[in-house]
Amino acid sequence: MNSTSLKRKAVQQENEQPSKLAAIAETDANQPLRPSKTAVNKLGKGPPPATKPRAPVLSTSTRRIERATSAPPKSTTAVVRPTVTRPTRVASASQQDKRFQSLQDQVSSIEAARAADAARLAAAMESERTKREELEASHQALYRQLAAAKSHEDSQRKELDIASDELQQIRRRHEREISELEEDARRHQRELRDVREELRLCQGDLDREREVTSNLKSTVSLQSTAQLSLTAQISALQADNSALQAELQRLLGVKSDLTLQIETLEKEAENLRREGREGESMRRKLHNMVQELKGNIRVFCRVRPLLPSDVPPVDLCRSVSSSAGSPSSTPSPDPEDEAKRREECMARIEYPDKMDHKEIMLSSSSESATGQERKDEWGFSFDRVFEPHATQAEVFEDISQLAQSCTDGYNVCVFAYGQTGSGKSFTMEGGQTEINTGMIPRAVEQVFQVTDELKTKGWEYKMEGQFLEIYNETINDLLGKGEFDKKKHDIKHDAKTGRTTVTDVNVIPLSSPVQVRALLARAQSRRTVAATLMNERSSRSHSVFTLRIYGENTLTSEVCEGSLNLVDLAGSERLEKSGAAENKDRLKETQNINRSLSALGDVIAALGEKGDGKSDKHIPYRNSKLTYLLQNSLSGNSKTLMVLNLSPLASHLNESLCSLRFATKVNNTTIGTAKKQSKTANS
Ligand SMILES: Nc1ncnc2c1ncn2[C@@H]1O[C@H](COP(=O)(O)OP(=O)(O)OP(=O)(O)O)[C@@H](O)[C@H]1O
């Protein structure tokens, strides 16, 4: 029960107490004076009423009689009452008197009892009143005690609350402390577990260490034995060491000598490098001197390999052999037969000079009119002869020296001469693969490479290119637009600068070999190509690629200007061989080609005569567009290389001999000394 309910009960008791007492008082005052059981019971604990009959067990009538005899009736009412008794019962008047007497006795006893009860009641009421007063007094005292107890209880409750709060706080603190302690305990347990684990591991380690130690001990004992022998060895080695120390000292002395030598050698190497640089310029001078001594017109001869298309098909051979009597059968790819057929196709060409590769020998055998076998031999000598297996790179190796000359300020002219299908275009422009790259792209690449290298020596170069074609004595710009150039182009020579220009042609500044390759491909597709019997893709025009180089040395103020002309001449075959006689256009083409080629021969011959001392000799440059265009590159001031291309076929032997004779004529010509076109910028 809480404090509030306790309070409430106290107040209730307080209020109820006086009302109960009042009720008792009220009840007593209004109580009829009857000898009732209830009244006695309500008064409480007094003794049982004396008036109540507590007679021995008798019949009712007996008791009534006893009372009626002991005392007369006190009231008249009671006396009157027998007179009203019905007449039927008069017969027994004595009985009735007795009965009346008993009744009177009873009434008197009742009244006596009532009087005794009233006296007792008054006494009881008095005592009750006294008791009530006492109770009230005690109630008041109790009430005061209760109030005091209540205030005491309140203060105690407050104290209890405070104590309870404190207790709560203490409990919480204790709970916290307990949880902390528990946590500590858990941590300690964990630590303990860890320590135990560590201990276990340490124990394991210790066991192992013990084992190792015991092993080591046994090893040590073994080592001790070994040590003894090692000690002996050490003393031997120490002896060696002291010998080596002495050797080291000696070597250190040698080293310092060598260091001195190295320094001297480095100085010498530096001197050599300087001399190398000087040697480079000397080499260039000597290179040009060699070129000059070789003569400024040189001839290379190159024989192309036999092509599969050169060998007649098997059927043709079979038909030839079947005409000789053998039955026709399906062709068999017999390698021996193939080799034989190839040999039959080939002209007899030999290369006697295995050292310098300068000679070529052609031969043929025929039957004379008298039936004797006649063997003809023709030997020729050139600056270099390339056999069929020679690669493009090998051919270029010798040409590269010339290509380099143009960066030194020379006019260089390389032209490929030969009959149709002899390999001129292949030599100059090249085939499809990288390995077959021709002279023109290789020369251009080299020029770019050399100009790049010369940058370190102060040279800066500008390059430009043009690509022309001379077809039927008309100039066509291969770098122009459209299928065929309709413009009329004139060739102009500047006597002062020695520069040749062609009007209205595209001169493209060149910046990289890649760009030049793209230009060449463009030009190639525009070349006039027509079919002849000699070559299914026969070039019927001369093509001239010109690379001009302008160089300036920023360190020495030297300037130079050179040009590289790479000419792919049209086929040199005769009319009847080319099959052009039946075709008017082809005829005209062939005539023009031959005219220009013989004009080239005439120019070279005239230059040769001039070189031989006939200084007033007229050089017929104007006889063809080709010679006129190449005037400055063929004159005595320039370096010229003719690459004679030969077909290996026996059927082309006569054409080959014609070409070889023409080339020999050129080779025997001396056309003066090449001149470098260089000067200082100010001059
Ligand atoms: N050295 C070589 N190695 C391999 N194939 C070659 C070689 N020389 C020429 N050929 C091949 O021979 C064929 C004819 O060569 P090319 O077209 O160069 O002759 P050409 O003399 O230029 O003829 P044209 O005067 O008609 O232009 C080509 O298929 C070419 O690839």
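Every number for a ligand or one of its atoms is a count from 1 in the order of the listing. Quick note: residue numbers are just sequence positions, from 1.
Checking each of Arg499, Arg548, Lys462 against Glu561 for a salt bridge (charged side-chain N to carboxylate O under 4.0 Å, His left out) leaves exactly one that passes, namely Arg499.
In the displayed structure, Glu343 atom CD is contacted under 6.0 Å by at most 12 heavy atoms of other residues, nucleotides or ligands.
Ligand 1 has no atom lying under 4.0 Å from any heavy atom of Gly431. Using 4.0 Å as the threshold, Leu307 has a heavy atom nearer than that to some atom of ligand 1. Heavy atoms of Gln392 come nearer than 4.0 angstrom to ligand 1 in no pair at all. Within the structure, the closest approach of Gly421 to ligand 1 falls below 4.0 Å when heavy atoms are considered.
Salt bridge status for Arg384 with Asp398: present, with a side-chain N to carboxylate O gap under 4.0 Å. A salt bridge links Asp490 with Lys488: the distance from a Lys NZ or Arg NE/NH1/NH2 to an Asp or Glu carboxylate oxygen falls below 4.0 Å. Of the charged side-chain nitrogens involved, at least one lies within less than 4.0 Å of a carboxylate oxygen, so that Glu445 and Arg517 count as a salt-bridged pair.
At a 4.0 Å heavy-atom cut-off, ligand 1 does not touch Asp568 at all. Of the heavy atoms in Gln419, only backbone atoms (N, CA, C, O) come closer than 4.0 Å to ligand 1.
Looking at Lys424, His542, Glu429 and measuring to atom 21 (O) of ligand 1, the nearest heavy atom belongs to Lys424.
The distance criterion of under 3.5 Å between nitrogen or oxygen atoms is not met by Ala570 with respect to ligand 1. Below 3.5 Å of separation, one finds no N or O of Pro305 facing any N or O of ligand 1.
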